[in-house]
Visitor: 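I'd like to ask some things about the structure below.
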Amino acid sequence: MKIGVLGATGPAGGGLAARLASVGYDVIAGSRDTARAEAAVAKARERWGDRVERLQPGDNADAASAEFVFVGTQWEAAVPTAAQHADALSGKVVVAMANGLVKHGREFHPVLPDDGSLALALQAAAPDARVAAAFHLVPAAALGDLDHAIDSDVIVCADDDNARTTVLELVAHIPDLRGFDGGSLANAVGIEAFAAVLLTINLRHKGKARLRLVGVEPRPPAGP
């Protein structure tokens with residue numbers, strides 16, 4: 001399966017693209033500017049060598065042409081980017097991973113659109129895509145540090161059961177990540193909003209906390 005990452009020159013998109021390539025996926029690292037994508041991939045190869053040999057640069061249109069697509073842009077660009085490539089995303093599993101956040105003093109506040117969440121807004125912008133929300137609470141730095149496994153959990157929300165299952169299977173393919181079925185896309189609002197709380201905790205406690213669920217083990221999502 002070839003995976004495209006829109007906005008793979010930023011911290012989250014770039015980290016995810018490198019991580020996916022390192023575990024055996026063919027990945028197109030997309031950008032609005034192909035030269036920036038080429039520079040980002042060259043930097044990743046310089047740092048990680050053969051571990052990211054499956055990582056290839058391209059523009060966002062190239063990334064959107066892949067079988068499975070992540071929107072890894074900064075949050076302000078996530079919905080416009082999805083709208084721009086809506087035709088190419090039609091019928092595909094598309095993962096929304098952005099959190100709308102603004103910093104106020106020593107805390108972060110969530111920024112949620114009228115649709116309720118960025119994931120729902122992205123679904124509205126690309127109505128024929130099969131949008132799933134995931135990876136919101138995994139730090140970009142952890143994604144991009146291939147020397148260390150990611151000790152974290154990923155909640156996956158989607159209206160399409162097959163899309164949710166596909167994303168959960170991908171999460172399980174990344175060492176030490178655990179995926180959990182979070183239900184429909186409406187529940188993405190809770191994940192996006194909680195990102196502000198988690199970052200506030202990290203800021204005030206000078207830590208690097210990530211999500212880890214206790215009292216439950218991952219399992220395949222239940223049928224409808």
Side-chain angles (χ1 to χ4, degrees), residues 5-16 30 32 60 64 69-86 89-90 92-143 152-161 163-164 166-168 171 177 179-205 207-213 221:
V5 181
L6 303 175
T9 54
L16 179 70
R32 289 178 298 176
N60 279 337
V69 180
F70 283 82
V71 180
T73 64
Q74 298 288 342
W75 70 268
E76 298 94 336
V79 174
T81 299
Q84 182 180 358
H85 299 283
L89 300 178
S90 179
K92 298 176 182 178
V93 177
V94 177
V95 180
M97 54 185 291
N99 301 303
L101 298 168
V102 62
K103 187 178 180 184
H104 287 282
R106 296 185 61 245
E107 65 184 43
F108 289 87
H109 294 173
V111 178
L112 300 172
D114 292 340
D115 298 80
S117 70
L118 285 171
L120 285 169
L122 197 150
Q123 179 69 85
D128 295 324
R130 299 155 61 205
V131 174
F135 287 90
H136 295 80
L137 305 177
V138 181
L143 284 170
S152 186
D153 291 339
V154 176
I155 299 173
V156 182
C157 299
D159 290 336
D160 184 296
D161 290 336
R164 197 181 321 108
T166 299
V167 179
L168 285 166
V171 170
L177 273 187
F180 290 88
D181 183 345
S184 69
L185 204 59
N187 285 342
V189 63
I191 305 172
E192 293 180 24
F194 184 68
V197 179
L198 188 62
L199 286 176
T200 298
I201 291 169
N202 283 335
L203 177 64
R204 295 191 173 201
H205 289 262
K208 297 179 180 179
R210 298 189 282 274
L211 178 70
R212 180 60 91 187
L213 301 174

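Predicted model, so just to flag it, every value in this text is computed and none were measured.
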Visitor: Holding to side chain to side chain contact (heavy atoms under 4.5 Å, CB included), I want the full list of residues that pass it with A12, two or more places apart in sequence or in another chain.
Guide: M97, A140
Visitor: Mark yes or no for whether R164, through its side chain, and G183, through its backbone, hold a donor-acceptor pair below 3.5 Å.
Guide: yes
Visitor: Measuring only between side-chain heavy atoms, which start at C-beta, is L203 closer than 4.5 Å to K103?
Guide: yes
Visitor: Suppose the criterion is salt bridge (charged side-chain N to carboxylate O under 4.0 Å, His left out): which pairs have a residue in residues 113-129, not counting sequence neighbours?
Guide: none
Visitor: Taking the side chain as everything from C-beta on, heavy atoms only, tell me whether V171 gets closer than 4.5 Å to F135.
Guide: yes
Visitor: Could you state the interatomic distance from CD (Q84) to CG (L6), rounded to the nearest 0.5 Å?
Guide: 9.5 Å
Visitor: Is the backbone of L213 close enough, under 3.5 Å, to the side chain of D153 for a donor and an acceptor to pair up by distance?
Guide: yes
Visitor: So do V79 and P113 actually touch side chain to side chain, heavy atoms under 4.5 Å?
Guide: no
Visitor: Nearest heavy-atom pair of H85 and A64: which atoms, and what distance?
Guide: CB-CB, 4.0 Å
Visitor: Which atoms form the tightest heavy-atom contact between L168 and G179, and what is the distance?
Guide: CD2-C, 3.5 Å
Visitor: Return the set of residues passing side chain to side chain contact (heavy atoms under 4.5 Å, CB included) with A86 (not counting sequence neighbours), or none when no residue passes.
Guide: A126
Visitor: Does R210, at its CZ atom, have more than 12 non-hydrogen atoms belonging to other residues, nucleotides or ligands within less than 6.0 Å?
Guide: yes
Visitor: Work out which heavy atom in L112 is nearest to a heavy atom in S117; give both atom names and the distance.
Guide: CD2-CA, 4.5 Å
Visitor: Tell me the ring-ring contact (aromatic ring centres under 6.0 Å, His included) pairs involving residues 184-203, sequence neighbours left out?
Guide: none
Visitor: Can you name the nearest heavy-atom pair linking V138 to S152, along with the distance?
Guide: CG2-OG, 4.0 Å
Visitor: Among all residues two or more places apart in sequence or in another chain, which pass the salt bridge (Lys or Arg N to Asp or Glu O under 4.0 Å) test with R204?
Guide: E107
Visitor: With sequence neighbours left out, what residues match D160 under salt bridge (Lys or Arg N to Asp or Glu O under 4.0 Å)?
Guide: R130
Visitor: Restricting to non-hydrogen atoms, name the atom on A193 and the atom on P110 that form the minimum distance, rounded to 0.1 Å.
Guide: CA-CB, 3.9 Å
Visitor: Please identify each residue that fulfils side chain to side chain contact (heavy atoms under 4.5 Å, CB included) with A186, with sequence neighbours left out.
Guide: S184
Visitor: Give, for atom CG of N99 and atom CG of L199, the distance between the pair rounded to the nearest 0.5 Å.
Guide: 7.5 Å
Visitor: Taking only distance into account, with no hydrogens and no angle test, what donor-acceptor pairs under 3.5 Å do side-chain atoms of residues 69-76 form with protein atoms, sequence neighbours excluded?
Guide:
from : atom 1 : to   : atom 2 : distance (Å)
T73  : OG1    : A78  : N      : 3.2
W75  : NE1    : L101 : O      : 3.4

Visitor: With respect to T81, which candidate in L89, L122, N60 satisfies the side chain to side chain contact (heavy atoms under 4.5 Å, CB included) definition?
Guide: N60
Visitor: Applying side-chain hydrogen bond (donor to acceptor under 3.5 Å, both in side chains), which residue pairs with at least one partner in residues 187-203 are found, sequence neighbours left out?
Guide: none
Visitor: Please report the closest heavy-atom contact between L185 and C157, naming both atoms and the distance.
Guide: CD1-O, 3.5 Å
Visitor: For H104, which residues count as a ring-ring contact (aromatic ring centres under 6.0 Å, His included) partner, sequence neighbours excluded?
Guide: H109
